[in-house]
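Inspection log for the structure reproduced underneath, given as structure tokens.
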Amino acid sequence: MKKNILVSRQYPREGIRLLEKEDFLLTIWEKQRPMTQNELIEQAKTHHALLCTLTDKIDKHFLEQCRHLEIISQFAVGYDNIDIAAATRFGIPIGFTPDAMSEATADIAFGLMIAVARKMFFLHKTIINGQWGYFNPTGKLGVELKNKTLGIFGLGRIGVKMAQRCKNAYNMDIIYHNRTRNKDAEKLLNASYVEFDDLLLKSDVLSVHCALTSATKKIFNRSAFQKMKPSAIFINTARGPIHHEKDLAHAIQAGDIWGTGLDVTNPEPMQKDNPLLFMENVCILPHVGSGTIEARNQMSVLAAMNIIDFYSNRQVPHIVNPEVLES
Ligand code: GLV
């Protein structure tokens with residue numbers, strides 16, 4: 001019997017073409033808005049597999065309704081939108097797309113760091129607002145990054161790429177904090193493992209690259225920001241709920257830290273009147289870390305291959321819960 005695959009939105013053709021070459025029946029959601037959860041459930045009920053992404057809510061409720069699904073393939077490296085424990089209980093393998101976007105996301109972290117250090121987004125707005133002014137030798141000043149200390153929270157695939165950029169461009173010292181030590185990265189980057197408090201105390205730039213879990217949720221809160229240097233730049237390209245957004249705004253206003261660059265906010269989308277958007281040392285992007293043609297094409301290929309390999313030989317090359325395939 002042909003397998004029906006529900007494709008939750010329009011993903012790059014590279015991956016879809018691979019699925020089309022197989023003997024699958026694809027239903028692609030073509031509307032210019034994502035499905036609501038109810039729509040997703042109703043559609044998924046008549047399909048064998050689902051190709052979805054980070055804003056599709058694959059929670060316990062969804063999984064209870066759709067426990068018949070044979071595989072869920074997520075077009076993203078993060079999977080905090082999916083109740084992995086429930087999926088595993090129901091025996092549903094969850095595929096994901098690691099590494100495809102590491103370069104692209106590290107570029108966004110690196111770019112935000114420079115943009116904040118030089119107030120780029122704010123200065124762009126001054127021109128739009130007719131406030132170019134004049135060449136003022138003591139005005140519009142930023143800071144330099146050479147020889148500063150980069151603290152990485154979550155030194156995995158993307159964190160390593162960010163650290164390499166900072167080391168090569170600015171000879172930055174690398175310190176990091178992880179759940180488990182990354183000895184390979186320590187050797188590669190001459191990076192030092194530090195406790196969380198030391199990461200806060202010593203970083204000139206602190207860049208977040210961890211997964212969102214109950215342990216990392218709102219870990220960057222008022223008390224964390226108060227421990228940081230008043231000159232520090234906080235970068236988050238991982239997930240918005242890892243920082244406490246009001247505490248972050250307060251920390252910048254109070255001078256606890258210099259500024260922030262965010263590719264992720266909480267909630268998403270960010271409200272257009274959020275005070276952070278009007279601050280001088282703040283640069284915010286609408287969650288585009290993986291948004292390059294190369295990364296998105298590769299993500300679509302990995303997401304498609306997870307489904308294809310599952311149906312051809314019960315292997316999922318990039319799987320979050322491999323235990324379900326063992327049973
Ligand atoms: C993007 O945020 C991803 O998780 O791939």
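Note that ligands are numbered from 1 as they come in the structure, with each ligand's atoms numbered from 1 the same way. Here, residue 1 is the first one in the sequence, and each next residue gets the next number.
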Query - For atom 5 (O) of ligand 1, the protein heavy atom that lies nearest, with its residue and separation - result: Val77 N, 2.8 Å

Report summary line: Per-atom filter on ligand 1: closer than 4.0 angstrom to a heavy atom of Gly78 are 3 (C), 4 (O)

Query raised in the report: Looking at Tyr176 versus Tyr193, is the centre-to-centre ring distance below 6.0 Å?
Result: yes

Query raised in the report: So, does Asn274 use its side chain to make a donor-acceptor pair with the main chain of Leu276 at under 3.5 Å?
Result: yes

Report summary line: heavy-atom search around atom 1 (C) of ligand 1 in the protein gives Leu54 CD2, 3.5 Å

Query raised in the report: Hey, does the side chain of Asn221 reach the backbone of Ala224 with a donor-acceptor pair shorter than 3.5 angstrom?
Result: yes

Query raised in the report: Are Arg17 and Glu20 within salt-bridge range, i.e. N to O under 4.0 Å?
Result: no

Requested in this report: For ligand 1, note which part of Ser290 has a heavy atom under 4.0 Å away: side chain, backbone, both or neither.
Outcome: neither

Report task. Run the numbers for me: atoms of ligand 1, each under 4.0 Å from some heavy atom of His287, listed by number. Result -> 1 (C), 2 (O)

Query raised in the report: Using 30° and 60° as the class limits, which term best fits the ring planes of Phe220 and Phe196: parallel, tilted or perpendicular?
Result: perpendicular

